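The structure presented is a predicted model; accordingly, all values stated were derived computationally and were not measured.
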Amino acid sequence: MNDSRKYEYILEPAEIREFCRKALMERLKRRRVLWILLTAILLLEACYLPQRGGIAIVLVLALVFGIVSISNNVVIRKQITGQHWTIWIEDGKLKSRRVNYSEMPCESIQFIRITRRLLMLGYLQTPQRPAWFVIPLRVFRDVQERDVFIDRIRNPRQTFTADAPTEAEEESVQVYLRLSYMMDAERWVRLSKRAFGIVQAGTFGKRDRRLGMAFWGCLIAVVLPVSLSVIVGGFSWFLIGFCIFYAALMILRIYFQDPEKQLRKQVQMPLMVNRVCGLWQVSFAEEGITVETPGQINNFDVWGYLAYLVETEEAFYLFSRDKRQFIIIAKESFQTWDQVHCFRRLCEEKGIRTLPEKRMHYIPLWALVVALFLYLIVSGCLSVFLAHRSGEGLTDTVYETNYPDYVPLDQQVIVLKALGLSVDQNQVESLRDSMETYGMQEFVEGSPYTSLLIDMGAPDHDENFRIVGYSDEVFWFDFESFDISTGYIDVLNGMLALSKGSCLDSVTDIQEDTEKMDWERGTGTITVSVTFDGKQYQWDMEAYNDWIDGDVLGVFNTLLKQEDSQKFFYSTWDNGQGAIVFFCTEEWARGFEMATGLEMEATFTEWEKR
């Protein structure tokens, strides 16, 4: 007897899109360990990487998530688009017919989701992978009928009038062969692992497998170098080599990973134990093959859905045309050789191709870890060796050819001293060590003066990273502030240290007002104010996260201009994200430009009249 009417439908494109989206989100929600790990990684990156590094990592994760989503949606859409579904409840079981027929007890449905267009009935195939029965809400006459259907899923009524087939039904279904065998968890893991190995080893051809390997390999080999180059702020052939090697290891990991661990984890689920352990029965009829597994779960596959037969020492495997589904038939279930011959003849008559098995050889994870570790050691040693060799063999002529602005470090010292600047010899030797040890000659001498001036103008800090002193000749700061709530105060104090003895000595009470700052969005304005000759002046600086507005360089110049000062604050770019500032006359600034090739500019920022 039927518990409810049969619902027949073909999913519409909008319903398929909604199902793909919801199914993906349900799957992601169940990977809690992954999300905890990613959150920890992002927190560490926020602490130790520059802002651009964090952005790069987020972009990589977003790209991978997008590709996985698209790939998942393409596979699902291909499987269900245009398929005619029939779903109903009978004898306490949820029954489904699409290309094939399947049924399972209603109590096996573990969760029910109602979306805008769909009723989704799910159960777990693995701890992280739900499987679904999908019903569009439009097939129900009203909400009451939908709720009655859901109630019968949650509270199935067991009836037995349809359990035993009638004589007419038995005569209408011609069964050629019935086989049965016992399955336990250990055996299911072993047989399932062999089935996956048959597919992965290329038994059915390597085209799809090669395309998949090429796609993921290219993705990793392209995304990794780009993202890591952004994080480290540079490009190197060693970085490219590492990414290519890592991509190769990832391919090996994806396609040669032993599935046994995942299968054992899967079969440990209580629901899976009930589905796997016990008596399995396989019936061969004219229309197709029926597989009855423990837990009252039955599946029927039409012959047209099956395409390949593979024999191993322990079992026969019948694979579907898409190579994703398979039927296991233990050899012990055959009682006589006649049954074996009957089975082979039936498969041949139904167009099932018999293929020889190709064995899969898995690569253990420890081998990949050791390979990566050895590669890092070898490449690191090679990098140090080549850097040392290049430092010995490179001449000034080579650098002059590759870097048109090249100036030897000692020559830079002479030029800066000629301009009246004091150069600390300890700073010079520190830069020289960096060139020899880390191969920084192209930065120090290929882009001359900036590295030396940065060292000369950087504020002194204590062990708690608090500023304790400034240079009185040159001041350098990074526009990305360590603490934006005090960043403007630090910059203006650094500029005042350059202008001692000028009219700016009367500047007092430098303050920042962040009330107009939207900290969550990182936007708004920060009001900077100073007291000069007893009068308060203030400027509104545009806020962008923790970046300092470049208008700060013109704050004091405006005050100096009204005092008819001959000296102003001139600044030049540091070839990075900072500024090098001097307090000088225009004549000295132009002389500095001619001597160093660095352009100097004086900025003027008018104060806000309140």
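When atom types are taken as modelled, the side chain of Ser192 and the backbone of Trp188 share a donor-acceptor pair closer than 3.5 angstrom. The main-chain N or O of Ile289 is never found under 3.5 Å from a side-chain atom of Trp303 such that the two would form a donor-acceptor pair. Judged by distance alone, with hydrogens and angles left aside, the side-chain atoms of Thr312 form a donor-acceptor pair with the main-chain N or O of Ala315 at under 3.5 Å.
With respect to the salt-bridge test (charged N to carboxylate O, under 4.0 angstrom), the residues Arg152 and Glu90 do not qualify. In this structure, Arg187 pairs ionically with Glu332, as a charged nitrogen and a carboxylate oxygen lie closer than 4.0 Å.
Summarising the geometry, atom CG belonging to Asp184 is positioned 7.5 Å from atom CZ belonging to Arg190; distances are rounded to the nearest 0.5 Å. Note that CD of Gln339 and OH of Tyr176 are 16.0 Å apart. Values are rounded to the nearest 0.5 Å.
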- prompt: Where do Phe149 and Trp88 land on the ring-ring contact (aromatic ring centres under 6.0 Å, His included) test, with the steps shown first?
  reply: CA-CA 9 Å; Phe149 184 87; Trp88 71 100; over 10 Å; no
message: Show, in sequence, the C-alpha distance, side-chain angles and deciding distance for Thr115 and Glu18, and conclude whether the side-chain hydrogen bond (donor to acceptor under 3.5 Å, both in side chains) test is met.
response: CA-CA 8 Å; Thr115 68; Glu18 183 171 314; 2.4 Å; yes
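The nearest pair of heavy atoms linking Arg521 to Asn545 is O-OD1, 3.9 Å. The nearest pair of heavy atoms linking Tyr308 to Arg321 is CE1-O, 4.2 Å. Scanning both residues, Cys106 and Lys93, for their nearest heavy atoms gives SG-C, 3.8 Å.
Exactly one residue among Glu314, Glu260, Glu357 makes a salt bridge (charged side-chain N to carboxylate O under 4.0 Å, His left out) with Arg194. That residue is Glu357. Considering Phe133, Trp132, Tyr123 as possible partners of Phe111, the one that fulfils the ring pair (Phe, Tyr, Trp, His ring centres under 6.0 Å) test is Trp132.
Applying the side chain to side chain donor-acceptor pair (under 3.5 Å) test to Gln83 and every residue at least two apart in sequence or in another chain returns nothing. With sequence neighbours excluded, the residues satisfying side chain to side chain donor-acceptor pair (under 3.5 Å) with Ser320 are Asp322.
The closest side-chain heavy-atom distance from Ser180 to Ser333 is not below 4.5 Å. In this structure the side chain of Trp280 never reaches within 4.5 angstrom of the side chain of Leu179, judged on heavy atoms. The shortest distance between side-chain heavy atoms of Asp546 and Glu480 falls below 4.5 Å. Contact check for Glu186 versus Val267: no side-chain heavy atoms found under the 4.5 Å cut-off.
Ring orientation note: the planes of Phe196 and Phe326 are nearly perpendicular, at an angle over 60° on the 30°/60° scale. By the 30° and 60° cut-offs, the orientation of the rings of Phe316 relative to Phe334 is perpendicular.
When only modelled atom types and interatomic distance are considered, Tyr7 and Glu145 share a side-chain donor-acceptor pair under 3.5 Å.
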